[in-house]
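Order of the sequence lines fixes the chain letters, A, B, ..., with proteins taken first and strands second; residue numbering starts at 1 for each chain.
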Amino acid sequence: MRQVIRPIKGTRDFYPEDMAIHQWLEGAIQQTSRSFGYEAWDGPFLESLELYAAKSGEELVMEQAFCFKDRGGDLITLRPELTPTLARMVAQKQQQLVMPLRWYSFGPFWRYERPQRGRTREFYQWNIDMVDVSGPAADAELIAVCAAFFRNVGLQPEMVKIRVNDRQLMNQQLDALNILPEKHGQVFKLIDRKPKMDAVDWEKFVIDSGFSREQSQGLLGLLHNTELWTESPHLSEVLGILNAMGVSDYIVYDSAVIRGLDYYTGVVFEAVDVSGGRAILGGGHYDNLVSDVGGTPMAGVGFAMGDVMIKIVLGDYGLLPSPAVLNNAVLVCVFDEATISDAFSLGSTLRANGINTVVYPEPAKLVKQFKYADRKNINTVVLRGPDEIANGQLTIKNLGTREQTAYPFAEGISEIKKLLA
RNA sequence: GUGGCUGUAGCUCAACGGCAGAGCGCUGCACUGUGGAUGCAGUUGUUGUGGGUUCAAAUCCCAUCAGCCACCCCA
């Protein structure tokens with residue numbers, strides 16, 4: 001094997017067929033976001049380390065951020081997440097922005113993690129937030145956006161579920177178990193870990209962490225209670241609105257959903273692949289978006305979805321579009337040196353008529369040019385060789401049906417337009 | 001950061017101390033103005049990299065790099 005300089009670990013090359021899929025995904029994200037009135041925005045890919053030190057967890061900043069000194073000696077970070085940037089940009093214009101904000105973004109992020117399936121060091125993420133709202137309808141809308149996206153890309157409710165919970169509800173329930181508020185964070189971590197342990201080990205783990213057997217049993221009871229949501233008026237209303245929006249097929253109440261992030265304070269949710277996969281996206285309600293970067297506290301709700309896992313899930317369900325990169329184009333064949341300028345002239349004419357046109361770049365055997373069209377998923381071939389030039393004609397061949405017809409030049413142009421319409 | 005599995009032709013893999021192979025693909029021809037099918041012919045290698053053991057290493061050992069899997073973490 002030849003020696004080729006390796007790409008950076010954890011990065012991906014986007015060849016045209018990968019890019020076609022990537023752009024298709026981005027299109028679905030844009031369409032879904034806009035259909036709910038969300039506006040596109042973005043921030044810089046480079047931010048100061050300080051911005052993340054203000055809020056994000058220790059591990060994220062200290063171990064997972066790509067961090068380096070610029071030439072002036074300042075600590076710079078390739079953004080590992082978008083929320084601090086959102087907070088910064090909202091705080092900067094807090095008085096001028098029209099609230100509530102509905103903003104979405106799709107762009108690259110970097111985390112220095114060990115790559116594995118569904119996780120790379122450079123990835124794209126869809127972030128979408130509604131800011132300066134705190135009612136159940138806002139929580140419901142963001143969850144409905146997830147469901148609408150799944151519907152748009154063909155993921156059915158049997159394939160993916162959105163698991164929903166409310167941290168406030170859980171806090172109340174933990175209070176009722178006489179678990180002190182300062183211990184709640186620790187309990188949430190225990191709950192997060194439960195799916196990865198068997199029941200006996202988990203109970204031992206809970207007790208070893210300083211909780212009583214009664215509290216451990218109480219926690220188990222909570223985690224198995226699928227009707228716990230009825231105790232929360234807020235969550236009941238969220239689920240009611242989701243029902244009214246016609247997306248409850250996708251929704252499951254699950255008291256084990258907590259989300260690792262400290263800044264979620266209310267409703268939390270995550271979408272999972274039913275056939276045993278990882279989380280596809282996660283989000284929730286937060287109460288103080290901007291106070292850490294110097295603004296006045298502002299509530300909101302949002303979620304983030306990485307491109308890597310969703311592409312895997314879509315691929316597993318056969319829902320990715322076929323990689324027909326140029327399939328909406330025609331190919332103009334080139335016969336010989338004498339007529340090559342006729343071919344390129346025809347190309348210009350076709351483009352002037354709004355037709356994506358590929359002109360073969362040199363004279364070659366037609367066999368070769370037809371094979372090229374096949375492999376490029378081009379279904380229509382236009383021939384203007386010596387015979388057609390002499391007769392003022394165009395020959396159009398449909399590669400799918402093998403049918404071929406010669407038309408007078410102008411009529412041929414409009415025929416091609418019709419074919420691609 | 002910790003542990004495990006795997007690196008052989010463009011791709012998928014075989015060979016598991018003794019001549020590095022198959023299928024698919026690709027190129028050409030049958031077919032010099034007509035593609036996918038078919039037939040025939042041809043093509044492909046520092047066995048990831050570096051070292052060690054051995055008469056002999058793709059094969060065994062060590063290191064390293066990369067990919068995958070689990071842990072960790074999931075903003």
Side-chain angles (χ1 to χ4, degrees), chain A residues 1-12 47 51-65 77 79-87 109-121 123 125 127 129 188-189 192-193 195-197 257-264 268 270 272 278-284 286 289 292 302-306 308-309 312 331 333-336 339 343 360 363-390 393 395-406:
Chain A
M1 194 174 291
R2 284 186 312 277
Q3 199 71 346
V4 180
I5 293 173
R6 295 180 184 286
I8 300 291
K9 185 186 181 82
T11 60
R12 292 168 295 167
E47 290 275 17
L51 177 68
Y52 303 99
K55 183 64 194 181
S56 304
E58 286 276 303
E59 166 132 10
L60 174 56
V61 178
M62 302 315 293
E63 295 176 28
Q64 296 191 346
T77 309
R79 62 181 188 182
E81 59 160 329
L82 193 60
T83 305
T85 300
L86 174 65
F109 296 85
W110 294 265
R111 291 180 196 167
Y112 196 82
E113 298 189 277
R114 189 144 173 177
Q116 54 182 271
R117 185 176 168 85
R119 179 198 284 177
T120 56
R121 289 185 172 179
F123 57 96
Q125 200 173 61
N127 283 266
D129 290 270
F188 287 160
K189 288 212 156 93
D192 252 353
R193 177 133 353 153
K196 293 180 179 171
M197 306 177 73
V257 174
I258 292 295
R259 304 300 304 162
L261 274 184
D262 287 341
Y263 62 66
Y264 290 134
V268 287
E270 65 185 23
V272 293
R278 286 161 162 271
I280 298 168
L281 59 81
Y286 43 82
L289 174 68
D292 286 308
F303 68 81
M305 180 186 82
V308 182
M309 186 52 73
I312 290 172
L331 175 74
C333 290
V334 170
F335 283 78
D336 50 38
T339 60
Y360 204 84
K365 288 182 180 176
L366 284 185
V367 172
K368 198 171 175 186
Q369 299 188 49
F370 274 67
K371 273 189 180 164
Y372 175 83
D374 268 335
R375 296 184 59 184
K376 283 292 174 188
N377 294 292
I378 296 171
N379 193 48
T380 304
V381 174
V382 183
L383 300 167
R384 185 161 162 86
D387 298 349
E388 285 86 356
I389 292 171
Q393 287 185 322
T395 297
I396 301 168
K397 173 152 182 172
N398 179 330
L399 292 188
T401 63
R402 310 191 75 130
E403 282 168 13
Q404 165 173 330
T405 314

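- Distance check: A:L366 CG to A:L383 CG gives 6.5 Å after rounding to the nearest 0.5 Å.
- In this structure, A:L331 and A:F370 have side chains that are not in contact, with every pair of non-hydrogen atoms separated by 4.5 Å or more.
- Closest to the side chain of A:R114, out of B:G3, B:G35, B:U34, is B:G3.
- Atom-to-atom, CG of A:N377 to C1' of B:G36 comes out at 12 Å; the value is rounded to the nearest Å.
- Taking atom CZ of residue A:F335 and atom C1' of nucleotide B:G33, one finds them 5 Å apart after rounding to whole Å.
- Among the atoms of the strands shown, base atoms are found under 4.0 Å from some heavy atom of A:Q404.
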Item to complete: Report, as a single string ordered 5' to 3', how protein heavy atoms within less than 4.0 Å touch nucleotides 23-29 of chain B: B base, S sugar-phosphate only, - not at all.
Response: ---S--S

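- Taking the side chain of A:V367 as heavy atoms from C-beta on, and the options B:G35, B:G33, B:G4, the nearest nucleotide is B:G35.
- With B:G33, B:G35, B:C73 as the choices, the nucleotide that has an atom nearest any side-chain atom of A:F370 turns out to be B:G35.
- Taken from CG in A:D374 to CG in A:L399, the straight-line distance is 5.5 Å, to the nearest 0.5 Å.
- The gap from the P atom of B:C26 to that of B:U12 amounts to 16 Å, rounded to the nearest Å.
- At a threshold of 4.5 Å between non-hydrogen side-chain atoms, the residues A:L51 and A:T85 count as touching.
- Using a 4.0 Å heavy-atom criterion, one finds that A:K397 contacts the bases of the nucleic acid, with or without backbone contacts as well.
- If you measure from atom CG of A:L383 to atom C1' of B:G35, you get 11 Å, rounded to the nearest angstrom.
- Checked by atom type and distance alone, the side chain of A:R384 pairs as donor or acceptor with a backbone atom of A:Q393 at under 3.5 Å.
- The base of B:G36 lies close enough to the side chain of A:R402 for a donor and an acceptor atom to sit less than 3.5 Å apart.
- A:G10 comes within contact range of the sugar-phosphate backbone alone, with a heavy-atom separation under 4.0 Å but no base atom that close.
- Judged by distance alone, the side chain of A:D336 and the main-chain N or O of A:T339 form a donor-acceptor pair under 3.5 Å.
- If A:Q116 and A:R119 are placed on RNA chain B by their nearest nucleotide, the residue sitting closer to the 5' end is A:Q116.
- The side-chain heavy atoms of A:T405 and A:N398, taken from C-beta on, include no pair separated by under 4.5 Å.
- Remark: the separation of the P atoms in B:G4 and B:C16 is 27 Å, to the nearest Å.
- Look at the P atom in both B:U53 and B:C61: the space between them is 15 Å, to the nearest Å.
- On the P atoms, B:G7 is 11 Å away from B:U59, given to the nearest whole Å.
- If you measure from atom OH of A:Y112 to atom P of B:C74, you get 19 Å, rounded to the nearest angstrom.
- Nucleic acid contact class of A:R384 (heavy atoms, under 4.0 Å, all strands): none.
- Taking atom CZ of A:R121 as the reference point, atom P of B:C73 lies 18 Å away to the nearest angstrom.
- Pairing analysis of RNA chain B (Watson-Crick: purine N1 to pyrimidine N3 plus N6-O4 or O6-N4; G-U wobble: N1-O2 and O6-N3; both under 3.5 Å) yields stems of 3 or more pairs at B:1-7 with B:65-71, B:10-13 with B:21-24, B:25-30 with B:38-43, B:48-52 with B:60-64.
- As rounded to the nearest Å, B:U8 and B:A15 have P atoms that lie 14 Å from one another.
- Between the CZ atom of A:F123 and the P atom of B:C74 there is a distance of 14 Å, given to the nearest Å.
- When each of A:K9 and A:Q125 is assigned the nucleotide of RNA chain B bearing its nearest heavy atom, the one mapping closer to the 5' terminus is A:K9.
- In this structure the side chain of A:R121 reaches within 4.5 angstrom of the side chain of A:Y112, judged on heavy atoms.
- Remark: the separation of the P atoms in B:C19 and B:U6 is 23 Å, to the nearest Å.
- Checked against B:G35, B:G33, B:C73, the side chain of A:R193 finds its nearest nucleotide in B:C73.
- For B:A22 and B:A14, the P atoms lie 16 Å apart once the distance is rounded to whole Å.
- Side-chain contact check for A:D129 versus A:Y286: some heavy-atom pair is nearer than 4.5 Å.
- For the pair A:M305 CE and B:C74 C1', the computed distance is 16 Å after rounding to whole Å.
- For the pair A:V308 and A:R119, the minimum side-chain heavy-atom distance is 4.5 Å or more.
- Closest to the side chain of A:D374, from the set B:G35, B:G3, B:G33, is B:G35.
- A:R12 has its CZ atom 11 Å from the P atom of B:C68, to the nearest Å.
- Under a 3.5 Å cut-off, the side chain of A:Q369 and the backbone N or O of A:V334 do form a donor-acceptor pair.
- For the P atoms, the distance linking B:C65 with B:G28 amounts to 43 Å, nearest Å.
- Contacts of A:E388 with the nucleic acid, taken as non-hydrogen atoms under 4.0 Å apart, include base atoms.
- Considering only heavy atoms from C-beta on, A:N127 comes within 4.5 Å of A:F109 through its side chain.
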